[in-house]
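Notes follow the structure.
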Amino acid sequence: MSYNDDNYNLDFNSHIAAEMCVEWIRDWFENNGNGCKAVIGISGGKDSSVVAALCVKALGKERVFGVLMPNGEQADINYANELCEFLGINNVTINIESFYDTAIAKISDALETALSEQTTINLPARLRMATLYAVSQTVGGRVINTCNYSEDYIGYATRYGDGAGDMAPLAKFTVQEVKSIGRFLGLPEKFIEKTPSDGLCGKTDEDNLGFSYDTLDKYIRYGVLPKAEIKSKIDNLHKKNEFKLKPMPSFDYIITVARQRINRAR
């Protein structure tokens with residue numbers, strides 16, 4: 001993939017990136033799950049497709065296990081099925097609708113109020129991650145995160161939902177770079193260019209964000225400034241959601257006491 005713009009000209013070598021990532025995946029499994037399967041939530045979109053393809057190349061298709069998790073009826077579930085067939089990986093479909101409906105009802109009843117919109121949006125992602133870990137521990141696997149750098153940067157991932165996992169092959173690749181790697185790996189264009197959406201409101205991710213991933217990628221990777229209002233929106237989203245990318249804060253009693261003693265001794 002090559003960017004050509006009045007403001008920059010920089011090449012991204014998808015061949016080198018893919019081969020290095022494959023080697024990294026292979027090394028990680030040797031040290032953190034030798035013989036384990038890569039368990040991946042499959043949506044049929046670019047991220048899960050590229051992650052699955054990278055894992056197949058690194059580990060072999062027999063060690064990659066796809067989990068399809070629709071919430072009731074999912075109009076585009078055929079993409080996920082076709083991706084698993086294309087790669088030749090074993091897979092199961094676990095519909096989370098009953099989990100979701102039960103959780104909504106139980107929590108709403110306990111709180112004696114309707115749940116917030118944000119709760120209902122994030123709950124399916126968290127239920128899917130719980131399902132992935134249940135599958136992984138049963139089949140002897142490791143859960144593979146499918147988030148990319150662009151979405152992580154602006155917080156477009158659910159903490160302890162799709163933002164969780166045991167390792168993250170795409171976490172430092174932008175959306176455009178992920179697509180380029182997918183093409184190098186020989187994935188059909190329909191998986192690479194499948195329009196991402198939240199699956200709830202009928203809008204695409206870019207509709208919800210108010211800017212394109214191409215604009216975002218150029219800004220965060222190469223410093224190409226978008227329009228002032230778009231830059232402000234991206235910066236605000238990053239600042240607001242940056243905590244998602246950091247380890248959970250913890251109180252360190254020993255260090256606190258040591259600092260107090262040092263301060264008193266001065």
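In this text the structure is predicted, and so the values were computed from the model without any measurement.
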Scan side-chain atoms only and decide if [X] and [Y] contain a donor-acceptor pair under the 3.5 Å cut-off.
X: D76; Y: Q74; value: yes
X: E151; Y: N148; value: yes
X: D214; Y: Y219; value: no
X: N95; Y: Y100; value: no
X: D207; Y: T204; value: yes

Is there a side-chain contact between [X] and [Y] in this structure, where contact means two heavy atoms from C-beta onward sitting under 4.5 Å apart?
X: S108; Y: T113; result: no
X: I154; Y: N241; result: no
X: E177; Y: R221; result: yes

- Item | Lys/Arg cation over aromatic F65: K37, 6.0 Å, 45° cone | no

- Query: Centre of Y153's six-membered ring, under 6.0 Å away, within 45 degrees of the axis: is that where NZ or CZ of K240 sits?
  - Reply: no

- Message: Using a 3.5 Å distance criterion without hydrogens, assess whether the side chain of R63 forms a donor-acceptor pair with backbone atoms of C36.
- Response: yes

- Do any N or O atoms from the side chain of T131 and from the backbone of L127 form a donor-acceptor pair under 3.5 angstrom? yes

- Go through the steps to decide whether T146 and S48 satisfy the test side chain to side chain donor-acceptor pair (under 3.5 Å), and finish with yes or no. CA-CA 6 Å; T146 61; S48 64; over 6 Å; no

